[in-house]
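Here is the structure we will look at.
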Amino acid sequence: MLENPIGLVPLQAYLIVAAFLFCTGVWGLINSRNAVRVLMSIELMLNAVNINLMSFSSYIDGSIIRGQVFSIFVITVAAAEAAVGLAILLSLYRNRVTIDMESFNLLKW
């Protein structure tokens, strides 16, 4: 009998969890007015991508660490996105005293 390369949990379970996280992130991104919640939704979507990368990497060939390397890059980009996004939100909050996404009209003249 063939052994599952990623342990006792099948690949479909990882894909279902990642799809649920990604759909939750998209829903939060579309329906949110709060800018911090938008950043959290983007983080959920990036974590779903990381789960997919790790599960496919382990499922296809567990000895090669390609998916893990790409996940490290995604985590790095997510950390930079969170830092820059929170810095922009702090600046907007100091100027406008709100973090409501619909009240940001800085580009409208």
Side-chain angles (χ1 to χ4, degrees):
M1 186 162 104
L2 292 172
E3 185 178 330
N4 191 358
I6 54 176
L8 299 175
V9 182
L11 178 65
Q12 291 84 8
Y14 288 109
L15 297 180
I16 289 170
V17 169
F20 178 74
L21 277 177
F22 194 84
C23 290
T24 304
V26 168
W27 180 81
L29 190 66
I30 292 172
N31 290 327
S32 180
R33 292 178 146 187
N34 191 344
V36 175
R37 194 175 302 150
V38 168
L39 288 175
M40 288 172 44
S41 298
I42 292 171
E43 293 292 327
L44 271 178
M45 292 167 58
L46 289 172
N47 284 330
V49 170
N50 280 339
I51 290 173
N52 280 332
L53 286 171
M54 297 294 282
S55 61
F56 277 118
S57 174
S58 295
Y59 188 77
I60 291 173
D61 190 7
S63 63
I64 301 175
I65 57 168
R66 290 184 196 144
Q68 289 86 342
V69 172
F70 283 121
S71 287
I72 295 296
F73 287 126
V74 171
I75 289 170
T76 306
V77 168
E81 173 259 334
V84 171
L86 287 175
I88 290 171
L89 287 179
L90 275 170
S91 174
L92 285 172
Y93 182 74
R94 286 181 185 164
N95 292 333
R96 302 288 176 148
V97 192
T98 184
I99 55 172
D100 186 16
M101 293 294 288
E102 293 183 6
S103 65
F104 297 148
N105 57 359
L106 297 175
L107 296 178
K108 293 181 183 177
W109 285 88

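Hydrogens, waters and symmetry mates are skipped; everything else that's a heavy atom, side chains included, is used.
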Worksheet item: Can you name the salt bridge (Lys or Arg N to Asp or Glu O under 4.0 Å) partners of Arg37, sequence neighbours left out?
Response: none
Discussion item. Taking side chain to side chain contact (heavy atoms under 4.5 Å, CB included) as the definition, give me every residue that meets it alongside Ala82, ordered by chain and number, with sequence neighbours left out.
Written reply: Glu43
Worksheet entry | side chain to side chain contact (heavy atoms under 4.5 Å, CB included) against Val26, all qualifying residues, sequence neighbours excluded | Phe22, Ile30, Met45
Worksheet item: What is the minimum heavy-atom distance between Ala18 and Ile51, and which atoms define it?
Response: CB-CG2, 3.9 Å
Fill in: Shortest non-hydrogen separation from Leu53 to Ser71 and the atoms involved
CB-OG, 3.7 Å
Worksheet entry | Which residues share a side chain to side chain contact (heavy atoms under 4.5 Å, CB included) with Ile72, sequence neighbours left out | Thr76
Worksheet entry | Which atom of Gly67 lies closest to which atom of Ser57, heavy atoms considered | N-OG, 3.3 Å
Item to complete: Taking side chain to side chain contact (heavy atoms under 4.5 Å, CB included) as the test, write out the residues that go with Val84, two or more places apart.
Response: Ile88
Discussion item. So does Asn52 get a backbone contact from the side chain of Ser55, meaning a donor-acceptor N/O pair under 3.5 Å?
Written reply: yes
Discussion item. Hydrophobic clustering (ILVMFWY, side-chain heavy atoms < 4.5 Å, transitive) - are Val36 and Leu39 grouped together?
Written reply: yes
Worksheet, complete the sentence: Rounding to 0.5 Å, atoms CG (Leu21) and CG (Leu46) come to a distance of 11.5 Å
Response to the item:
Rounded to the nearest 0.5 angstrom, the CG-CE distance for Leu29 and Met40 is 12.5 Å
Worksheet item: Measuring from Ile75:CD1 to Phe70:CZ, what's the distance to the nearest 0.5 Å?
Response: 14.0 Å
Worksheet item: Does any pair with a residue in residues 20-33 pass side-chain hydrogen bond (donor to acceptor under 3.5 Å, both in side chains), and if so which ones, sequence neighbours excluded?
Response: Arg33-Glu102
Discussion item. With rounding to the nearest 0.5 angstrom, report the CD1 to CE distance, Ile65 to Met54.
Written reply: 9.5 Å
Worksheet item: Can you tell me if CG on Leu86 sees more than 12 non-hydrogen neighbours from other groups inside 6.0 Å?
Response: yes
